[in-house]
There are 2 protein chains.
Amino acid sequence: MTEIRTPSPRRGTNLPRMGDFNLTVILDAIRRSSGGLSRVELAQIVGLSPQTISNISRRLLDQNLIVEAGKEGSGPGKPRTILRLNPAGMYAVGVHLDPAVTTFVVLDLVGAVVRHSRINTPGASDPDGVIATVAAEIKDLVAASGVDPDKIAGLGVAAPGPINLEEGTVVDPPLLLGWDRVPLRDALAEATGLSTLVDKDVTSAAVAETWAGGPSGSGSFVFMYMGTGIGCGIVLNDEVVRGTSGNAGEIGHIIVDPDGAPCDCGLKGCVKSSCIPQVLVAQAEAAGVLDIERHPSGAPAVQESFAKLCEAAEAGNSKAGEIIDQSAVLVARAVAVVTNTLDVERVVFGGPFWTLLSQRYLDRVPQLLAENSAARQIHGVEVVGTGVGEDVGAIGAACLVLEHTLAPRAQRLLLEG
Amino acid sequence: MTEIRTPSPRRGTNLPRMGDFNLTVILDAIRRSSGGLSRVELAQIVGLSPQTISNISRRLLDQNLIVEAGKEGSGPGKPRTILRLNPAGMYAVGVHLDPAVTTFVVLDLVGAVVRHSRINTPGASDPDGVIATVAAEIKDLVAASGVDPDKIAGLGVAAPGPINLEEGTVVDPPLLLGWDRVPLRDALAEATGLSTLVDKDVTSAAVAETWAGGPSGSGSFVFMYMGTGIGCGIVLNDEVVRGTSGNAGEIGHIIVDPDGAPCDCGLKGCVKSSCIPQVLVAQAEAAGVLDIERHPSGAPAVQESFAKLCEAAEAGNSKAGEIIDQSAVLVARAVAVVTNTLDVERVVFGGPFWTLLSQRYLDRVPQLLAENSAARQIHGVEVVGTGVGEDVGAIGAACLVLEHTLAPRAQRLLLEG
DNA sequence: GTGCGGATCTCAGTCACGGATTCCCCTAAA
DNA sequence: TTTAGGGGAATCCGTGACTGAGATCCGCAC
């Protein structure tokens with residue numbers, strides 16, 4: 001623990017890397033534009049010469065990643081030919097393993113869902129069986145989507161942490177007892193024949209935002225993932241922060257309520273013990289807003305009760321409203337800790353439970369955050385809801401593949417070991 | 001606040017940028033090696049061909065940034081010529097503006113202090129006068145150091161936040177009343193004739209660690225800066241995280257003690273209200289460990305009292321020891337929040353008050369952190385004290401210049417707007 | 001002294017970007 | 001309908017950085 005690994009100096013770069021990188025830069029610019037871009041506009045935006053843009057455009061056209069989509073003549077002169085992403089140029093498959101349900105999607109290049117499906121998360125403690133089930137579902141989904149298999153760039157898997165990014169394993173997952181360090185990535189890669197990436201659900205959600213979230217997915221932001229637990233994905237300068245082992249974004253033990261309920265960590269008022277749905281449901285039951293569930297409450301039961309709580313709040317039940325509003329105050333404190341630590345410019349909320357909360361949260365969090373922002377005299381912190389729906393997990397998983405293949409990451413420039 | 005700025009896509013790169021980048025990569029590899037490297041070793045490490053290494057080595061030799069330092073023959077064959085940094089190849093000046101004292105250093109290329117000096121921080125609310133004082137001190141220091149002015153790459157300034165990195169201004173600094181948004185960078189650049197960079201003190205300290213801290217300054221780490229306040233600098237994958245406006249690392253309002261003293265933010269038990277020296281001194285006074293200071297306690301007074309408190313703890317005063325130990329527990333909680341959020345592999349402690357605390361903190365923090373690490377099943381979190389001394393602030397300020405000029409930042413590859 | 005191995009250098013060769021020029025296409029006016 | 005003009009895109013060639021093969025240099029071992 002105290003020994004320091006031999007530092008691995010940054011590796012150099014060379015010509016081919018540079019070409020590939022510029023290709024991804026141009027693709028990225030086209031992707032982020034709303035209605036496509038002409039070659040001249042691209043030259044201005046990315047800073048390369050029109051000739052280079054032309055050459056790279058040709059490569060992209062040859063690869064069917066972009067298409068020439070009409071012309072735009074404004075005044076005299078030859079009209080600009082607009083370059084647009086070709087949605088059918090590439091596809092990716094995404095799987096979100098969640099305690100309650102497992103979601104599958106096939107995504108096209110622009111980040112649109114081509115087809116999706118859900119199954120109850122198999123609870124079996126038999127890894128091989130579960131992997132077989134998931135692989136079979138993927139095979140069916142791909143077949144049903146009618147997508148050319150050769151166009152599928154790979155498979156992304158989003159899992160709750162902790163994970164081991166390097167090994168592609170899920171470590172002691174709460175949903176799959178006895179699944180300690182199962183080589184999820186390699187097993188699924190073999191079972192499906194797709195090149196596979198595994199990442200944390202919150203990281204995947206952040207990647208989804210960068211890829212399919214529109215303008216709110218650029219620059220530096222924190223993605224607050226409101227799910228069974230609360231976690232965050234971090235994007236700084238358009239690059240996702242994963243951390244040493246892929247476990248960045250663990251904010252469950254930030255203390256947000258000094259007078260809150262005790263937490264399993266020995267302290268009290270942690271995010272985990274005061275703002276997650278399960279806790280809010282319990283508060284609501286105690287306050288008489290919800291009937292007390294007799295059955296031992298699994299993840300689906302909590303989901304249902306939480307939906308009822310939020311509906312009650314919307315319907316005007318003041319106690320329910322108070323519970324939600326108070327959770328907004330607490331979550332805002334956690335967000336403030338993260339935004340102050342990283343000095344980001346935007347917070348994006350999302351996740352399975354977000355739609356239930358969005359109204360009340362968007363009413364309250366922005367101001368709370370503004371009051372507690374350390375850099376409030378320099379810049380504001382935007383608060384927005386994600387444009388990506390409740391399937392962020394699975395969509396993000398698929399986006400992991402697209403991001404890995406096509407995003408202009410600095411890493412791409414560097415020579416490999 | 002809710003409007004989203006038009007995204008600025010990542011810009012492309014070109015041949016000259018690539019060459020310059022590879023140059024910095026090689027320099028970085030040489031810098032990080034303990035005893036210099038041969039061309040063949042460099043080729044292996046950075047992944048470029050031996051020829052390329054030769055060409056770049058020549059450029060570095062021509063610029064006097066490196067020197068050929070002897071040969072290393074082990075067995076038959078031509079012995080390897082060792083390339084080493086030339087300490088005298090480049091210098092940088094650093095200034096640390098602190099509430100108590102302002103520190104000045106001249107640093108050489110290897111990060112060694114050539115000369116340093118201190119003055120009491122001028123408290124005057126007359127910006128022009130203060131800037132003139134600082135500029136004069138810099139001029140004297142450079143003259144006294146005997147360094148060739150042409151070899152000075154620039155001036156770095158470390159200031160307590162908040163700052164505005166883009167404008168190079170200090171925003172409402174606690175030490176200089178009425179100095180709101182004074183263009184510190186531009187004013188000092190004009191007064192000294194040196195190209196100038198301004199950054200936060202904690203960020204500077206983190207940069208110092210990467211440049212002059214040896215192996216603990218590589219990879220991803222958090223630098224805990226124990227000064228008048230407590231802040232942190234963040235380094236991920238060998239690159240410093242500055243945030244949107246340069247204000248990353250504000251951790252003063254992380255709650256670490258649910259039962260702690262009230263804070264000016266309206267909550268209680270924040271880092272700022274329970275672990276900083278001023279608070280510990282007050283605790284010690286209340287507990288009868290220290291005599292109560294009659295004078296209104298300025299920064300220097302706190303410094304003195306705090307030193308007494310730590311000495312008492314070392315001398316065996318149990319109450320004093322408890323106060324320090326408890327602060328270690330609280331600081332460890334704040335560190336855990338940051339390391340869990342970012343999943344870093346190392347925490348480096350440093351700052352003006354660190355030497356007073358190191359013994360007790362290093363005894364306690366590692367275990368506390370290990371217990372509260374979200375990724376503890378995957379990897380440990382190293383805890384080390386910085387090798388850079390109490391002048392981290394000023395040294396870091398100078399390192400800002402070296403880093404900006406010579407570090408292999410991905411940013412360097414990208415074309416400018 | 002000669003042979004050998006290894007490090008480094010020399011000399012082309014390849015490839016991506018950049019600049020100048022040319023070609024192409026559309027608008028607008030005669 | 002024809003012509004002039006303006007702007008976008010393609011082509012040719014030049015520059016520069018990395019790469020590969022062979023030559024050269026250096027020191028040890030026999």
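Below, chains carry the letters A, B, ... as their sequence lines are ordered, and counting in each starts from 1.
A stem is defined here as three or more consecutive Watson-Crick or G-U pairs, each with both distances under 3.5 Å; for DNA chain C these stems are C:1-30 with D:1-30.
Under the rule for a side chain to side chain contact (heavy atoms under 4.5 Å, CB included), the partners of Thr24(B) that lie at least two apart in sequence or sit in another chain are Phe21(B), Pro408(B), Arg412(B). For Gln44(A), there are no side-chain hydrogen bond (donor to acceptor under 3.5 Å, both in side chains) partners, not counting sequence neighbours. Residues that satisfy the side-chain hydrogen bond (donor to acceptor under 3.5 Å, both in side chains) test with Asp20(B), not counting sequence neighbours, are Arg59(B). Looking at residues two or more places apart in sequence or on another chain, you find no salt bridge (charged side-chain N to carboxylate O under 4.0 Å, His left out) involving Glu167(A). Partners of Arg185(B) according to the side-chain hydrogen bond (donor to acceptor under 3.5 Å, both in side chains) rule, which considers only residues two or more places apart in sequence or in another chain, do not exist here. Under the side-chain hydrogen bond (donor to acceptor under 3.5 Å, both in side chains) criterion, Asp199(B) pairs with Arg242(B), sequence neighbours left out. Asp28(B) meets the salt bridge (charged side-chain N to carboxylate O under 4.0 Å, His left out) test with Arg31(B), Arg32(B); sequence neighbours excluded.
Applying the 6.0 Å contact sphere to CD of Gln63(A) captures more than 12 heavy atoms from other residues, nucleotides or ligands.
Atom CD in Glu68(A) sits roughly 14 Å away from atom C1' in dC24(C) (whole-Å rounding). Atom CZ in Arg58(B) sits roughly 13 Å away from atom P in dC18(D) (whole-Å rounding). Atom CZ in Arg80(A) sits roughly 14 Å away from atom P in dT27(C) (whole-Å rounding). Between Ile53(A) atom CD1 and dT11(D) atom C1' the separation is 17 Å, expressed in whole Å. Atom-to-atom, CZ of Arg17(B) to P of dC18(D) comes out at 15 Å; the value is rounded to the nearest Å.
Residue Thr81(A) places no side-chain N or O under 4.0 Å from the OP1 or OP2 atom of dG8(D).
In the region residues 33-43 of chain A, proximity to DNA chain D at under 4.0 angstrom, judged on heavy atoms, holds for Arg39(A), Val40(A).
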Tabulate below the donor-acceptor pairs under 3.5 Å that side-chain atoms of residues 206-215 of chain A make, not counting sequence neighbours, or state none.
unit_1: Glu209(A); atom_1: OE1; unit_2: Thr386(A); atom_2: OG1; d: 2.5
unit_1: Glu209(A); atom_1: OE2; unit_2: Ser216(A); atom_2: OG; d: 2.6
unit_1: Thr210(A); atom_1: OG1; unit_2: Val207(A); atom_2: O; d: 2.6
unit_1: Trp211(A); atom_1: NE1; unit_2: Leu109(A); atom_2: O; d: 3.2

Donor-acceptor contacts, no H, no angles, side chain residues 81-91 of chain A, under 3.5 Å, sequence neighbours left out:
unit_1: Thr81(A); atom_1: OG1; unit_2: Arg39(A); atom_2: NH1; d: 2.9
unit_1: Arg84(A); atom_1: NH1; unit_2: Gly35(A); atom_2: O; d: 3.4
unit_1: Asn86(A); atom_1: OD1; unit_2: Ala88(A); atom_2: N; d: 3.2
unit_1: Asn86(A); atom_1: ND2; unit_2: Asn64(A); atom_2: O; d: 2.9

Contact pattern, 5' to 3', of nucleotides 12-21 of chain C - B, S or - by protein heavy atom under 4.0 Å: ---BBSBBB-

Candidate pair Leu15(B) and Met18(A), rule side chain to side chain contact (heavy atoms under 4.5 Å, CB included), full reasoning: CA-CA 8 Å; Leu15(B) 229 31; Met18(A) 189 174 87; 3.7 Å; yes

